[in-house]
2 protein chains.
Amino acid sequence: MPTSTVEQYIKTIYQQEERCAQDIVQMKQLSEAMGVTPGTATAMVKHLAERKLIRYEPRKGVRLTAGGRELALLMVRRHRLIETFLENVLGYDLSEVHEDAEKLEHAVSDKFIERIDAYLGFPPADPHGDPIPSAEGHIARRDSVPLDHCETGDTIRVARLRNDDPAFLLLMKEQHLTPGEAFVVIDKNETAGTMTVRHDARSRGPITPFTISMGNSSRIMVEPTGTK
Amino acid sequence: MPTSTVEQYIKTIYQQEERCAQDIVQMKQLSEAMGVTPGTATAMVKHLAERKLIRYEPRKGVRLTAGGRELALLMVRRHRLIETFLENVLGYDLSEVHEDAEKLEHAVSDKFIERIDAYLGFPPADPHGDPIPSAEGHIARRDSVPLDHCETGDTIRVARLRNDDPAFLLLMKEQHLTPGEAFVVIDKNETAGTMTVRHDARSRGPITPFTISMGNSSRIMVEPTGTK
DNA sequence: CTGTACTTTTTGATTAATCAAAATAAAACC
DNA sequence: GGTTTTATTTTGATTAATCAAAAAGTACAG
Ligand SMILES: [Mn+2]
Ligand SMILES: [Mn+2]
Ligand SMILES: [Mn+2]
Ligand SMILES: [Mn+2]
């Protein structure tokens, strides 16, 4: 059985591969994501390679094996189902779910997770809009793009908020910038490094425009709903 | 913050004090209950004494301090609320709840537990019939006695099943020997080491008598409802 | 190309939790 | 009371996970 530390490293490697669209993850990236020193990451990575969860190329980086990917998707499934449960059933705020899920994901049994899944009615995505992998490790690929790739005039719908920082999530909630909401990009200012959006006319949110930094825009994944 | 190992030792010491009605717990008892060697328990006990969670009298045993008792009751609260949730909400069988609760109790946050408590409607007892301590660490004392202290003719109601062994719990469930059920003791055979009970006439269970060993009888806590 | 900056690995040490087996103390027995 | 049994403590070693700091390798700028 993997320890919770092993689980966390494998999940982190998966997330770095995904979020940065890289096939190989360097030690610096991994050690920073894990919040440990580089030497610690090197030692652990050797252990993970022995356990055949990753392939380790010294001085290059690591990539998940099929077995590692399976474990990673199991952890992602647990994390997202727990977050969904905390928000939908226990009434947590979106900005609070991540912290508790990060710990619980290492303590729950398979039985617990399958019962939670059924109790929630087999939700396809968590409250951030991220798809929940199936028990068999299949995950739906959605073709969303970061908001900063959009242009003035694009009409869009928020798909996912790719950032677990509670302050960021609270800000998004205040502006009703949550998964499912429809927007129009009314300005993109490359020099100022900002984008301005307002709610679609048919949407419930306020019509007052809202300006976001490019940095934050890159963590807001959207689906285009047409171009005016 | 206490590690989950520290939490588990403290909870175990509390349970040994309670279940065996002793004010001091010897190292053998503790090491067996924890499933570790005596030397390991001695080392840990010194650490717990430094942390002021227990008072340790070498060659005698240990007893909880006020702080240790507080932590123990917090763990018991978590354990029992989790068990109640697993049975009432997720549909676990009574014989399955203990294993998962034993792990989850060390991973949940205070927020999680308080929300679960509210979601369950602030239950006074878990599915074994054990009282749930309040968030402030108060626990209701119920004056129940072990079934083997009863005599032929006593009418009783099951209060708690003081044993987490799944096989035992399944057997009890089959015979409807669950908290709240009313019975009459129709025989107590000291030499054979058995007791025979049958459901009270007004009860839903079968009227066919059921014979239990004295060993098992001592784990069934009952409240007298009168003596015929 | 070559020197500086950055990344990665190695080394030596630490902490928490554990075991096996030897040493010691207390209790029980006759 | 002396001997045997049982409980407890001590000692030395192990495993997982970590850090700090030194050493080694790679990148890349001029
Ligand atoms: Mn999360
Ligand atoms: Mn985690
Ligand atoms: Mn239990
Ligand atoms: Mn436990």
Side-chain angles (χ1 to χ4, degrees), chain A residues 1-13 16-17 20 22-64 67-68 71-72 75 102-103 105-107, chain B residues 1-14 16-17 19-20 22-64 67-68 71-72 75 102-103 105-107:
Chain A
M1 289 299 96
T3 64
S4 32
T5 308
V6 166
E7 288 176 347
Q8 190 66 27
Y9 272 92
I10 292 298
K11 195 187 70 167
T12 302
I13 293 168
Q16 295 301 317
E17 282 184 355
C20 309
Q22 293 164 180
D23 61 331
I24 198 160
V25 180
Q26 297 112 292
M27 301 314 291
K28 192 177 185 219
Q29 204 183 339
L30 178 57
S31 63
E32 272 173 12
M34 283 296 299
V36 297
T37 61
T40 300
T42 300
M44 178 51 71
V45 137
K46 287 178 181 171
H47 180 232
L48 298 176
E50 267 171 33
R51 304 270 242 99
K52 305 240 190 272
L53 292 167
I54 61 174
R55 202 158 40 251
Y56 168 45
E57 296 182 41
R59 303 267 165 198
K60 290 254 179 68
V62 296
R63 66 192 77 205
L64 292 177
L71 177 57
M75 296 315 297
E102 204 54 63
K103 241 195 129 181
E105 65 191 1
H106 309 289
Chain B
M1 289 301 95
T3 64
S4 33
T5 308
V6 165
E7 288 176 347
Q8 190 67 27
Y9 272 91
I10 293 298
K11 195 187 70 169
T12 302
I13 292 167
Y14 172 80
Q16 295 301 316
E17 282 185 354
R19 289 183 191 172
C20 309
Q22 294 164 177
D23 61 333
I24 198 160
V25 180
Q26 297 110 298
M27 301 314 292
K28 185 165 192 233
Q29 203 182 341
L30 178 57
S31 63
E32 272 174 10
M34 283 296 299
V36 297
T37 60
T40 300
T42 299
M44 177 54 70
V45 137
K46 287 177 179 170
H47 180 233
L48 297 176
E50 267 169 34
R51 306 270 242 96
K52 307 237 190 274
L53 292 166
I54 62 174
R55 202 159 38 254
Y56 168 45
E57 296 182 41
R59 302 268 164 198
K60 290 252 178 70
V62 295
R63 65 190 79 205
L64 292 177
L71 177 57
M75 296 314 298
E102 204 52 66
K103 246 196 124 178
E105 66 191 0
H106 309 289

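Just so we're on the same page: letters track the sequence lines, and every chain starts at 1.
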Measure from [atom1] on [X] to [atom2] on [N] and round the result to the nearest Å.
| X | N | atom1 | atom2 | value |
| --- | --- | --- | --- | --- |
| A:Leu48 | D:dA17 | CG | C1' | 12 Å |
| B:Leu30 | D:dT9 | CG | P | 11 Å |
| A:Met27 | C:dT10 | CE | C1' | 13 Å |
| B:Glu50 | C:dT15 | CD | P | 12 Å |
| A:Met34 | D:dC19 | CE | C1' | 15 Å |
| B:Lys28 | D:dT6 | NZ | P | 9 Å |
| A:Ile24 | C:dT7 | CD1 | P | 16 Å |
| A:Glu7 | D:dA17 | CD | P | 11 Å |

Query raised in the report: Side-chain N or O of A:Thr40 less than 4.0 angstrom from OP1 or OP2 on D:dT18?
Result: no

Report task. Ignoring backbone atoms, test whether B:Thr3 places a side-chain nitrogen or oxygen under 4.0 Å from the OP1 or OP2 oxygen of C:dA17. Result ->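 Looking at the OP1 and OP2 atoms of C:dA17, one of them is under 4.0 Å from a side-chain N or O of B:Thr3.
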
Query raised in the report: Is the shortest distance from a Lys or Arg side-chain nitrogen in A:Lys46 or A:Glu50 to a carboxylate oxygen in the other one below 4.0 Å?
Result: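 Between A:Glu50 and A:Lys46 there is no salt bridge, as every charged N stays at least 4.0 Å from the carboxylate O atoms.
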
Query raised in the report: Just by modelled atom types, is the A:Gln29 backbone N or O under 3.5 Å from a matching donor or acceptor in the A:Gln16 side chain?
Result: no

Report task. Could you walk me through whether B:Thr3 and B:Tyr9 pass the side chain to side chain contact (heavy atoms under 4.5 Å, CB included) test, one step at a time? Result -> CA-CA 10 Å; B:Thr3 64; B:Tyr9 272 91; over 6 Å; no

Query raised in the report: Going by heavy atoms closer than 4.0 Å, what residues in residues 51-63 of chain A are next to DNA chain C?
Result: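 Residues of residues 51-63 of chain A under 4.0 Å from DNA chain C: A:Tyr56, A:Pro58, A:Arg59.
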
Query raised in the report: Going through the distances and angles, do A:Met75 and A:Ile10 end up as a side chain to side chain contact (heavy atoms under 4.5 Å, CB included)?
Result: CA-CA 9 Å; A:Met75 296 315 297; A:Ile10 292 298; over 6 Å; no

Query raised in the report: Quick one: which of A:Leu53, A:Thr40, A:Val62, A:Val25 gives a side chain to side chain contact (heavy atoms under 4.5 Å, CB included) with A:Val45?
Result: A:Val62

Query - Non-hydrogen side-chain atoms of B:Tyr14 and B:Leu64 separated by less than 4.5 Å - result: yes

Report task. Consider the side chain of A:Tyr9, meaning its heavy atoms from C-beta on, and name the nucleotide among D:dT8, D:dT18, C:dT8 that approaches it most closely. Result -> D:dT18

Query - Residue A:His47, side-chain heavy atoms: nucleotide from D:dT9, C:dT10, D:dA17 that is nearest - result: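 Output: D:dA17.
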
Query - Full working for side-chain hydrogen bond (donor to acceptor under 3.5 Å, both in side chains) between B:Gln8 and B:Glu102 - result: CA-CA 9 Å; B:Gln8 190 67 27; B:Glu102 204 52 66; 2.9 Å; yes

Query raised in the report: What nucleic acid atoms does B:Thr5 come within less than 4.0 Å of, heavy atoms only: base, sugar-phosphate, or nothing?
Result: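 Touches sugar-phosphate only.
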
